[in-house]
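Just so it is clear, the model here is predicted, and its values are computed rather than measured. Just so it is clear, the values below take in all heavy atoms, side chains as well, and ignore hydrogens, waters and symmetry mates.
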Amino acid sequence: MNLAALNAVAEKMVAPGRGILAADESTGTIKKRFDAIGVENTEQNRRDYRELMFRAKDAMSYVSGVILYDETIWQNAADGTPLVDLLNAADVVPGIKVDEGVQPLPGFPNETITAGLDNLATRLVKYYERGARFAKWRAVIDTGSGIPTPGAVKANAHALARYAALCQAHQIVPIVEPEILMDGDHDIARCDEATRFVLHTVFDELYEQRVALEGIVLKPNMVISGKQSPVQASVQQVAERTVAVLKEIVPSAVPGIAYLSGGQTDEQATAHLDAMNRIGGFPWKMTFSYGRALQAAPQKAWSGKAENTRAAQAAFTHRARMNSLASLGQWESELEKTV
Ligand code: 13P
């Protein structure tokens, strides 16, 4: 493992004013997104949609890296250029989702474990050859009556650490993503407590598996109220609590934190990131690794029609620019009107 090279990639992923586009929806997940805009879920439509984003030059200037799905990393653009080459030409680091989704964890009702460690080493070799320089693995933690349990959190943290160590051994930067879901009526204090517990456990496991923290990017949830909670914390409360939890737990050797949007609205995800960067006083970069919060607007504008390509690219550029400003603590809600 060449840690200096891993660190250079991780630093590039969180470079000032740039963040990550999570375009790694599985075929089943992108179907849900396409259903919402009346687009048939064919391989060509998936390719056309992602090519549209990767060719949006202005938007990509705010994007440091793109997380691809297995199908996409092997796909070519309509003119035969590998999609990976489009990213490299835009100075964007190609990344790959390597987990294989969640499965029920036996003995732990309503809790899951992320699959994909078997054969991961073999797959990493192929992905590196194709150009991937970072990877993503998502552990999913739900909160509810009696969950998360220590056993399930430990199993998920252990899998994350095993994945991270394997990535580094193959010269690929692991995005370590423990996601506490926003679903539910829990308040922000419950999310705070669960996030602390999960992050402490994850960093213990990373230590035990000898993962070099200089060569990872952490992708956490924000500390936020449950979606169905009657009491919704303010932007400032979310920012303050998230920064406080991360400052307590995440070592300064970690180059950067790139948040998931997790079902927040586009503007909420931007406002929260901006408020955290305005607080400042932490040792790592804080940026975005958004899926839905970057793509909802372009998907709607595109709606599967080639003649809407420009409008979709403009919508994508706007969201990418807003999040770029937020990663610098320079976003203003007034700018949302400057589409
Ligand atoms: P969202 O921003 O839509 O939560 O997606 C980010 C991601 O990559 C989840 O794994």
For residues 247-259, dump all side-chain donor-acceptor pairs below 3.5 Å to protein atoms at least two apart in sequence or in another chain.
residue : atom : partner : partner atom : Å
K247    : NZ   : G281    : O            : 3.4
E248    : OE1  : R196    : NH1          : 2.3
E248    : OE2  : R196    : NH1          : 3.3
E248    : OE2  : H200    : NE2          : 3.4

Return all side-chain donor-acceptor pairs below 3.5 angstrom for residues 182-189, not counting sequence neighbours, or 'none' if the list is empty.
residue : atom : partner : partner atom : Å
H186    : ND1  : T143    : OG1          : 3.3
D187    : OD1  : A189    : N            : 3.3
D187    : OD1  : R190    : N            : 3.1

Taking only distance into account, with no hydrogens and no angle test, what donor-acceptor pairs under 3.5 Å do side-chain atoms of residues 80-88 form with protein atoms, sequence neighbours excluded?
residue : atom : partner : partner atom : Å
T81     : OG1  : D79     : OD1          : 2.7
T81     : OG1  : D79     : OD2          : 3.4
N88     : ND2  : V84     : O            : 3.4

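In terms of the side-chain hydrogen bond (donor to acceptor under 3.5 Å, both in side chains) criterion, residue partners of Q236 (sequence neighbours excluded) are, by chain and number, E240.
Listed by first and then second residue, the side-chain hydrogen bond (donor to acceptor under 3.5 Å, both in side chains) pairs involving residues 118-128 are D70-Y127 (not counting sequence neighbours). Within the structure, the side-chain hydrogen bond (donor to acceptor under 3.5 Å, both in side chains) test picks out the following pairs touching residues 152-176 (sequence neighbours left out): K154-E205, H158-E205.
Defined by atom type and a distance below 3.5 Å, a donor-acceptor pair is missing between the side-chain atoms of R47 and T72. Judged purely by distance below 3.5 Å, without hydrogens or angles, the side chains of Q313 and W302 never pair a donor atom with an acceptor atom. Side-chain atoms of E111 and T149 include a donor-acceptor pair closer than 3.5 Å. Side-chain polar atoms of S327 and N277 form no donor-acceptor pair below 3.5 angstrom. In this model, no donor atom of one side chain and acceptor atom of the other lie less than 3.5 Å apart for E51 and Q75.
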Task: Derivation and outcome, side chain to side chain contact (heavy atoms under 4.5 Å, CB included), residues E179 and K219 - done: CA-CA 8 Å; E179 174 175 6; K219 177 164 174 168; over 6 Å; no

